[in-house]
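Okay, so here's the structure we're looking at.
Protein chains get the first letters and strands the later ones, always in sequence-line order, with residue 1 at the start of each. What you see is a predicted model, and the numbers here were worked out from it, not measured in a lab.
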There are 4 protein chains.
Amino acid sequence: MAYKGTPSSIVEAAEELFAEQGFNETTVRQITNHAGVNLASINYHFGSKKGLIQAVAEKFLTPLCNSLERMLNDFQMQSAQEISLEDLLEILMRALLSVHHENLHALSVFMRLLELAYMKSQEELRSFLMQRYHSKLQPYIHLLRVNAAPMEEDEFFWRLHFLLGSITFTLSNFHTLSAIEKTEYHSDAEVEKIMHRMIPVLAAGLQARADKSYFCRI
Amino acid sequence: MAYKGTPSSIVEAAEELFAEQGFNETTVRQITNHAGVNLASINYHFGSKKGLIQAVAEKFLTPLCNSLERMLNDFQMQSAQEISLEDLLEILMRALLSVHHENLHALSVFMRLLELAYMKSQEELRSFLMQRYHSKLQPYIHLLRVNAAPMEEDEFFWRLHFLLGSITFTLSNFHTLSAIEKTEYHSDAEVEKIMHRMIPVLAAGLQARADKSYFCRI
Amino acid sequence: MAYKGTPSSIVEAAEELFAEQGFNETTVRQITNHAGVNLASINYHFGSKKGLIQAVAEKFLTPLCNSLERMLNDFQMQSAQEISLEDLLEILMRALLSVHHENLHALSVFMRLLELAYMKSQEELRSFLMQRYHSKLQPYIHLLRVNAAPMEEDEFFWRLHFLLGSITFTLSNFHTLSAIEKTEYHSDAEVEKIMHRMIPVLAAGLQARADKSYFCRI
Amino acid sequence: MAYKGTPSSIVEAAEELFAEQGFNETTVRQITNHAGVNLASINYHFGSKKGLIQAVAEKFLTPLCNSLERMLNDFQMQSAQEISLEDLLEILMRALLSVHHENLHALSVFMRLLELAYMKSQEELRSFLMQRYHSKLQPYIHLLRVNAAPMEEDEFFWRLHFLLGSITFTLSNFHTLSAIEKTEYHSDAEVEKIMHRMIPVLAAGLQARADKSYFCRI
DNA sequence: AATGAATGAGTATTCATTCAT
DNA sequence: CATGAATGAATACTCATTCAT
């Protein structure tokens with residue numbers, strides 16, 4: 001394997017460790033040791049640990065948004081029929097998988113990043129991501145909206161985050177979950193298969209009829 | 001309000017700070033300052049920070065499991081008809097709400113704890129929780145299984161975690177999410193309402209027909 | 001010599017090193033090594049290096065202002081005659097010497113502190129000292145003003161700082177200067193003697209008739 | 001304005017930053033960024049940061065000494081009368097101002113350099129400057145000596161440094177002092193005017209009759 | 001039972017300098 | 001002649017834990 005240059009080595013080591021341990025739990029020492037580079041190189045090349053995290057974030061988010069956009073266009077050109085909810089989710093999963101080119105860490109760290117962005121103390125990261133990617137994701141989200149069951153705006157907002165929770169939880173902890181599956185059911189999980197399995201579940205969730213009653217059945 | 005004693009004060013302060021900032025990001029100094037107790041008392045009463053986290057975990061998990069068990073029994077005694085998936089999920093939400101007695105922190109920290117338990121480096125916490133609560137949760141999970149769509153064991157395992165992801169993500173980030181909802185849709189979220197909204201979505205997900213085809217539609 | 005306790009040891013070590021090297025040039029490691037205490041004790045007892053510097057500052061400034069005030073009162077009570085400029089400066093020197101009880105470092109570090117306070121980037125320290133001590137020094141400065149030659153307010157402001165320059169330069173570099181004197185003139189300087197020698201020089205400076213002409217003699 | 005070449009750009013940037021922040025507080029990165037040159041060029045052209053400081057020192061001290069020498073000769077040729085103390089100090093101020101050609105930084109950094117040279121830990125710089133410039137300054141200092149009040153050698157040594165303290169303090173902190181003057185007295189200080197104001201004060205100080213009594217008046 | 005003081009190992013970051021090209 | 005990349009040593013500061021009392 002060819003030598004990748006210091007910044008690439010750092011990013012790769014960071015992805016792996018971020019995926020396994022999270023961002024705050026990973027120290028710059030661990031990263032530089034794992035990458036076999038000098039302790040100071042993170043600050044030299046990325047300014048700070050935060051800069052490295054943003055670099056990792058952009059490395060995944062930019063191609064993801066591009067994939068999503070392109071696949072959406074391709075589908076709408078090739079197919080005469082209306083796009084279905086399952087198609088949309090399949091497109092999302094494929095876009096995620098195209099990000100997951102080299103190693104599993106990529107997806108895992110990306111999902112951890114989304115989780116981080118929703119933490120109370122991370123408004124800065126959240127608005128950084130929002131400002132950068134919100135508009136690019138808007139067309140996709142709009143298509144989800146029109147294919148979901150009819151519902152109020154705020155209901156859709158929450159359902160979108162129920163769905164996001166499923167995806168981030170599954171993919172950021174995929175390593176642990178597939179290890180449990182292996183010991184309990186002796187079956188090996190591939191990430192592609194699990195993502196495929198998510199599609200009907202998420203689609204059904206978005207299409208479920210909202211229950212107007214409020215805690216009265218029991 | 002009566003004085004609660006040092007250990008209780010610590011636990012309460014810890015819940016609040018863990019909920020807001022996460023476990024690693026919260027220092028024992030912050031906890032003891034917030035609780036108005038001596039810095040060393042966490043180690044004195046709980047052995048270590050890790051011990052405090054486990055104490056917090058047990059404080060919620062034990063009553064939760066008990067609630068779940070009791071509500072399940074009550075339902076099966078009172079009602080002649082078969083229990084539905086929506087009923088089961090309603091029971092879960094009510095059990096969670098009964099944990100959420102005093103403040104939102106309780107639920108938030110509990111959900112964060114579950115997330116933590118699935119991290120690669122937290123095998124110790126995971127097996128501690130498993131060993132302690134797995135058997136008590138088994139009857140409830142079995143009922144979910146029989147009310148879900150027919151599927152293989154491993155498929156059910158993954159669906160259960162899709163569902164878990166929705167719940168943990170929504171509740172551990174409830175503060176952030178409801179803040180976003182407020183600025184975007186000018187509507188105030190109550191946690192009860194949002195939990196209620198989750199029920200049909202989760203039920204539909206568990207009942208969705210599995211898709212045997214594998215990435216072939218597009 | 002009795003053991004002084006960690007905070008005192010730190011302050012003493014800091015005074016010595018600050019006097020010799022300045023504030024920024026002195027590291028917390030040097031201080032704690034020199035004091036024979038743990039590296040973290042500075043942060044434990046003083047919060048930060050800045051906190052230690054302020055503690056050192058207050059240790060000297062408070063007694064200095066009190067000495068000055070008391071000596072001024074004593075003089076005005078005991079003596080029927082008007083106080084002279086030389087008397088005022090003698091009082092200042094004696095107040096400084098009463099601060100210089102234990103070691104030479106005290107005076108030196110105090111003078112370095114004044115120098116620091118006038119640096120462009122130290123507005124915070126400057127305003128901290130101003131707010132805390134300006135009013136207590138006002139009566140003394142007023143007496144200097146009425147005993148100096150008649151002059152405009154702004155002229156007096158600058159003369160006061162010419163004088164301050166003489167004092168701070170001489171006392172903060174006293175160690176170096178007396179070493180030079182020793183090698184060149186084989187005479188030993190005592191700080192008391194040198195401070196006494198400053199009095200007629202400073203007095204003459206304050207009483208000199210201002211020159212209204214502006215760069216015209218040559 | 002013509003491009004000055006890398007070394008000149010470095011020296012100019014260094015002057016400005018040294019004047020504002022001091023030597024230790026200014027990093028080579030700041031200097032090279034400000035100068036728009038490569039980070040390594042300071043070490044390339046000046047060997048080290050210390051080498052750059054010495055280069056800055058020589059850039060000012062050599063012309064200063066030359067100015068002083070020339071102006072002294074000019075005065076003695078043109079004027080029949082004996083040179084007065086005020087004349088000598090005026091010559092010094094003019095020599096300093098001729099150094100202060102382009103900007104205030106020059107004077108400020110030069111004064112800071114003198115202060116640095118008297119610090120205990122800077123024997124190297126001190127002896128470098130001494131060895132290089134002491135003999136050239138000797139004639140000027142001798143003239144000060146003969147025009148001052150009669151006094152012992154060592155007394156003159158100290159008075160010279162009282163005077164040096166006034167000059168260095170005023171000029172190295174000129175920025176801060178004139179800012180204070182502006183806010184307090186709403187008058188704008190020009191450095192020429194302030195230097196002129198120093199002359200009668202310093203002259204009076206050198207001519208003051210030494211006080212033989214030793215702390216006995218009060 | 002409880003605590004104020006202390007501590008060793010750790011954190012991210014900064015620095016002047018070096019070196020291969 | 002010049003430079004982008006890299007580096008070892010140092011910086012202030014923080015942490016959970018321990019210990020004598």
Under a 4.0 Å heavy-atom criterion, the protein footprint on nucleotides 16-21 of chain F, written with B, S and -, is BBBB--

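Pairs engaging residues 41-50 of chain D under the salt bridge (charged side-chain N to carboxylate O under 4.0 Å, His left out) rule: D:K50-D:E124 [sequence neighbours left out]. Residue pairs satisfying the salt bridge (charged side-chain N to carboxylate O under 4.0 Å, His left out) criterion with at least one member in residues 17-34 of chain C, sequence neighbours excluded, are listed as follows: C:E20-D:K120. Applying the salt bridge (charged side-chain N to carboxylate O under 4.0 Å, His left out) test to pairs two or more places apart or on separate chains, none has a residue in residues 34-45 of chain A.
In DNA chain F, stems built from 3 or more consecutive Watson-Crick or G-U wobble pairs, each with both distances under 3.5 Å, span E:2-21 with F:2-21.
Taking the ring-ring contact (aromatic ring centres under 6.0 Å, His included) definition, one finds that B:F18 meets it with B:F23, sequence neighbours left out. A:Q30 pairs by the side chain to side chain contact (heavy atoms under 4.5 Å, CB included) definition with A:L17, A:Q21, A:T26, A:T27, not counting sequence neighbours. In this view, D:S172 and D:M111, D:R112, D:E115 satisfy the side chain to side chain contact (heavy atoms under 4.5 Å, CB included) rule, not counting sequence neighbours.
How far CZ of C:R126 is from CD of C:Q131: 13.5 Å, rounded to the nearest 0.5 Å.
Following rounding to the nearest Å, A:Q21 (CD) and E:dT11 (C1') show an atom-to-atom distance of 15 Å. Rounded to an integer number of Å, the gap from CD of C:Q30 to C1' of F:dA9 is 14 Å. Here E:dT13 presents its P atom at 13 Å from CD1 of A:I10, a figure rounded to the nearest Å. We find that CZ of A:F46 is positioned 16 Å from P of E:dT14, with the value rounded to whole Å. Distance D:E25 CD to F:dT11 P: 14 Å, rounded to the nearest Å. Atoms CG (D:N33) and C1' (F:dT3) sit 14 Å apart, rounded to a whole Å.
The shortest distance between the side-chain N/O atoms of A:T6 and the OP1/OP2 oxygens of F:dA5 is not below 4.0 Å. Remark: B:H45 is in phosphate contact with E:dA2, judged by side-chain N or O atoms under 4.0 Å from OP1 or OP2. In this structure, B:N38 reaches the E:dG4 phosphate: one of its side-chain N or O atoms is under 4.0 Å from OP1 or OP2.
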I'd like a table of donor-acceptor pairs (distance under 3.5 Å, sequence neighbours excluded) in which one partner is a side-chain atom from residues 35-45 of chain D, with atom names and distances.
from	atom 1	to	atom 2	distance (Å)
D:N38	OD1	D:A40	N	2.7
D:S41	OG	D:N38	O	2.3
D:N43	ND2	D:G47	O	3.4

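The closest side-chain donor-acceptor pair between B:T62 and B:Y133 falls under 3.5 angstrom.
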